[in-house]
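Note that the coordinates shown come from a computational prediction; the quantities given were computed from them, not determined experimentally.
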Amino acid sequence: MIRSAAAGVCLSLMISGVLSLSVDSRETAAPQRAVRRSLALCAGEQQYVDQRKQLVEEALHRLLINCSEDSVPHIVLLASGGGQRAAVSLVGSLYQMAQDGLLDSLLYLGGVSGSTWSMASLYSDPEWSWNMDRAQSRLSGDGVELQDALGWLNKTAAEDGFSLSDVWGVLTSAGIMKQMDERRLSDEANRNASNPYPIYSAVEKHCYSHGPIEAKWFEVSPHEAGFTELDLFVNTSLLGSKFQMGDLLEKKPEMDMIKLQGVFGCALAHEELVVEFVPDWLRVGDSVNVPAQEYLRVYNTLHKLIGLTRMTVKDPAGLTQLDKLQKRLQDQVSRNESALLESKSLEEREALFQRWGLDLVTTVTTWTESLEDGPFKALVSMLTKQVIPLILKWEWGTTENFLYKYQDSTVPACLLMEERFQLVDAGALINVGYPPFLGDKRDIDLIIAPEYSAGDMFETLTLARDYAAKVKKPFPVIDDRILEDRDWPKDCYVFDGKENEPTIIYMPLFNRHNCKDAKQFTENMDKFSTFQRPFSQDMVESLLATAKTNMKNHRETLLREINKAVLRRQNKRKS
């Protein structure tokens, strides 16, 4: 299921490093009205889209699709989450679209969770659409040295609000995407329109858990950041600044892309998702108590931390030491059996879990102290010193709430009186970023949706359909009979939009074209699971090839639906 995929993303990443939140000195500002109700595109996005449409029109002419300036279709590629599997596969899909002359037909690119990692990496190149070879080669590059990643970690740890979100962002950047990007998202606001306009998505944790649908989804673009359903936004450069009653009280430094990657991918910040990863031996009857969850997340975090640290270590002796530590932790956990728990009272079990969790931390600390003096020990000591306290306290980052005491009846209680809110992985709600692209605001004609998620196939579609119904936005009919294919899906489905509904081209990564039967489909999903150490280079190459083939096989389907989108846009203009 989507939640499992999103949480797995987080578990598989807690590893290599660090985050850079380059913080300038705070500056105070005279109060000014900064919150905007955004029923239409802001001026910056509108200008970008207008410029982008000129490039789209030229691209469609090269594809022999007749299109005038006022009939340029609004096409978005929505990439799902799915950890490293999604990050790598998105690069493969976009690479093939560029090869086939289709990439420049996209007006927008939207992502959640793992796909936002590769989006952040892609947009570090102002003209990545024309440099897909460079984007692909980065996935097989040497990556970031451990000392560089830890340098960012050490600097960020000295700043206010240092949390696991920061650690998560650096692990993603250094260990998976193999770069450290200090750029601010708002830096892209003044770029030319050579790339599709990017929209990143998250959800607000408290409202996700307790509040109404109208305050859950949060979108971030180069120009604005805010709540999709509430239509309330601030300039992206002000995300994280202090507000009250809609007035800007204190301007703070904007989060960089490393920090944002941590925000967009931190599904583990949803404590309730940890329950899904509790193994049977930790369950006594039907109960899973809080100490058991804490013990499990300490083990998994340490285990994944070691795995991703390996990606930034080049010294063979250091790699050997990390392998020994990982095995020691695995052996330690395997000695704890359910039979022992069943014979204990609730209080005794809680005491055991707490002791076992501390024992795991002690094992790591003792191992670190036993290393020979040298650069490797110094680096690992810094890592454990900075990260282990955060793991034990389970501290994830929060952001200043620009809707604090905002005078508007549409702002729900879960936001109104909270000085800070917490943005986390959107995959916990819907593992594809449909919400910002539904309805009149961006007026989308065609959604291309390559599906990289784990869990139940088609769940992103049915969740998006149900979400659209709740917020009264148009969405094509998704017949539940399609669920009969979920154990072995076709490689492409087209859901036709009627009138204001967008058409959706849905393309599962693993399918009947590349899997001979349902068994092989399951095997491939397991092989590229989000619950493992970072992929080998062979696995990366295999994913790239699979995503490219899927897109190449359906070039004619894409051209047909783009043609139909042009006709649809022409009819809209006439009416």
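- Under the 3.5 Å distance criterion, the side-chain polar atoms of Thr116 are matched with a main-chain donor or acceptor of Ser113.
- Asn524 places a side-chain heavy atom less than 4.5 Å from the side chain of Gln520.
- A donor-acceptor contact closer than 3.5 angstrom is absent between the side chains of Ser536 and Asp538.
- The shortest side-chain heavy-atom distance between Asp445 and Ile75 does not fall under the 4.5 Å cut-off.
- When side chains are defined from C-beta on, Tyr95 does not count as touching Leu103, because their heavy atoms never get closer than 4.5 Å.
- Remark: the Thr228 side chain and the Glu219 side chain contain an N/O donor-acceptor pair separated by less than 3.5 Å.
- Remark: Cys414 pairs with Cys207 by the disulfide bond (SG atoms under 2.5 Å apart) rule, at least two apart or across chains.
- Across all their heavy atoms, Leu543 and Val88 have their closest contact at CB-CG1, 3.8 Å.
- Here the closest heavy-atom approach between residue Ser194 and residue Glu127 is recorded as OG-CG, 3.7 Å.
- Between Phe437 and Tyr108, the distance separating the two ring centers is shorter than 6.0 angstrom.
- Listed by chain and residue number, nothing satisfies the salt bridge (charged side-chain N to carboxylate O under 4.0 Å, His left out) test with Arg138 (two or more places apart in sequence, or in another chain).
- The backbone N or O of Ile258 sits nowhere less than 3.5 Å from a side-chain atom of Asp181 that would complete a donor-acceptor pair.
- Between atom OG1 of residue Thr546 and atom CG of residue Asn511 there is a gap of 9.0 Å, rounded to the nearest 0.5 Å.
- In terms of modelled atom types and a separation under 3.5 Å, the side chain of Lys178 and the main chain of Leu139 share a donor-acceptor contact.
- Judged by distance alone, the side chains of Ser173 and Gln261 do bring a donor and an acceptor atom under 3.5 Å apart.
- Smallest separation of non-hydrogen atoms from Met177 and Ser121: CE-CB, 3.9 Å.
- How far CE of Met457 is from OG1 of Thr462: 11.5 Å, rounded to the nearest 0.5 Å.
- There is a side-chain donor-acceptor pair under 3.5 Å between Lys441 and Ser38.
- In this structure, the side chains of Tyr200 and Val263 stay at 4.5 Å or more apart for every pair of heavy atoms.
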Verdict with reasoning, Glu459 to Arg486, per salt bridge (charged side-chain N to carboxylate O under 4.0 Å, His left out): CA-CA 9 Å; Glu459 186 178 32; Arg486 61 186 163 197; over 6 Å; no

CA sep, side-chain torsions, deciding dist, call: Val540, Gln84, side chain to side chain contact (heavy atoms under 4.5 Å, CB included): CA-CA 9 Å; Val540 169; Gln84 189 176 7; 4.1 Å; yes

Side chain to side chain contact (heavy atoms under 4.5 Å, CB included) between Asp466 and Phe475, worked out: CA-CA 9 Å; Asp466 297 344; Phe475 200 81; over 6 Å; no

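- When each of Asp485, Asp491, Asp487 is checked for a salt bridge (Lys or Arg N to Asp or Glu O under 4.0 Å) with Arg512, only Asp485 meets the rule.
- Taking CG from Leu122 and CG from Leu90, the interatomic distance works out to 6.5 Å, rounded to the nearest 0.5 Å.
- Because its NZ or CZ atom is not both nearer than 6.0 Å to the ring centre of Trp128 and within 45° of the ring axis, Arg134 does not count as a cation-pi partner of that residue.
- The minimum heavy-atom distance between Ala426 and Val112, with the atom names listed, is CB-CG1, 4.0 Å.
- Trp217 and Ser201 form a side-chain donor-acceptor contact under 3.5 Å, judged by distance and modelled atom types alone.
- Side chains of Ile505 and Leu446 form a contact here, defined as non-hydrogen atoms less than 4.5 Å apart.
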Step-by-step side chain to side chain contact (heavy atoms under 4.5 Å, CB included) determination, Leu94 to Leu77: CA-CA 9 Å; Leu94 294 171; Leu77 187 143; 4.2 Å; yes

Check against side chain to side chain contact (heavy atoms under 4.5 Å, CB included), Arg442 and His74: CA-CA 8 Å; Arg442 295 190 171 99; His74 294 190; 5.8 Å; no

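- At least one side-chain heavy atom of Arg183 sits under 4.5 Å from a side-chain heavy atom of Glu188.
- Under 3.5 Å, the side chains of Glu451 and Thr460 contain a donor-acceptor pair of N or O atoms.
- Interatomic distance, CG of Asn550 versus CG of Asn553, reported as 7.0 Å (0.5 Å rounding).
- The backbone N or O of Glu182 lies less than 3.5 Å from a partner atom in the side chain of Arg184, making a donor-acceptor pair.
- The heavy-atom pair separating Glu400 from Gly240 by the smallest distance is CG-O, 3.3 Å.
- For the residue pair Gln422 / Tyr208, no side-chain donor-acceptor distance below 3.5 Å is found, with atom types taken as modelled.
- Closest of all the heavy-atom pairs between Gln179 and Ser124 is NE2-OG, 3.6 Å.
- Checked options Val494, Ile447, Ile448; the residue passing with Glu561 is Val494 (criterion: side-chain contact (heavy atoms from CB on, under 4.5 Å)).
- In this structure, the side chains of Leu239 and Phe218 come closer than 4.5 Å at one or more pairs of heavy atoms.
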Worked verdict on Lys259 versus Asp166 for salt bridge (charged side-chain N to carboxylate O under 4.0 Å, His left out): CA-CA 6 Å; Lys259 173 78 171 180; Asp166 299 333; 2.5 Å; yes

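- Rounded to the nearest 0.5 Å, atoms CG (Asn431) and OH (Tyr452) are 12.0 Å apart.
- Side-chain contact, Glu254 with Ser186: a donor N or O sits under 3.5 Å from an acceptor N or O.
- Taking the side chain as every heavy atom from C-beta outward, Ile504 and Tyr493 never approach each other to under 4.5 Å.
- Atom OG of Ser105 is separated from atom CG of Leu558 by 8.0 Å, given to the nearest 0.5 angstrom.
- A donor-acceptor contact shorter than 3.5 Å links the side chain of Arg52 to the backbone of Ala193.
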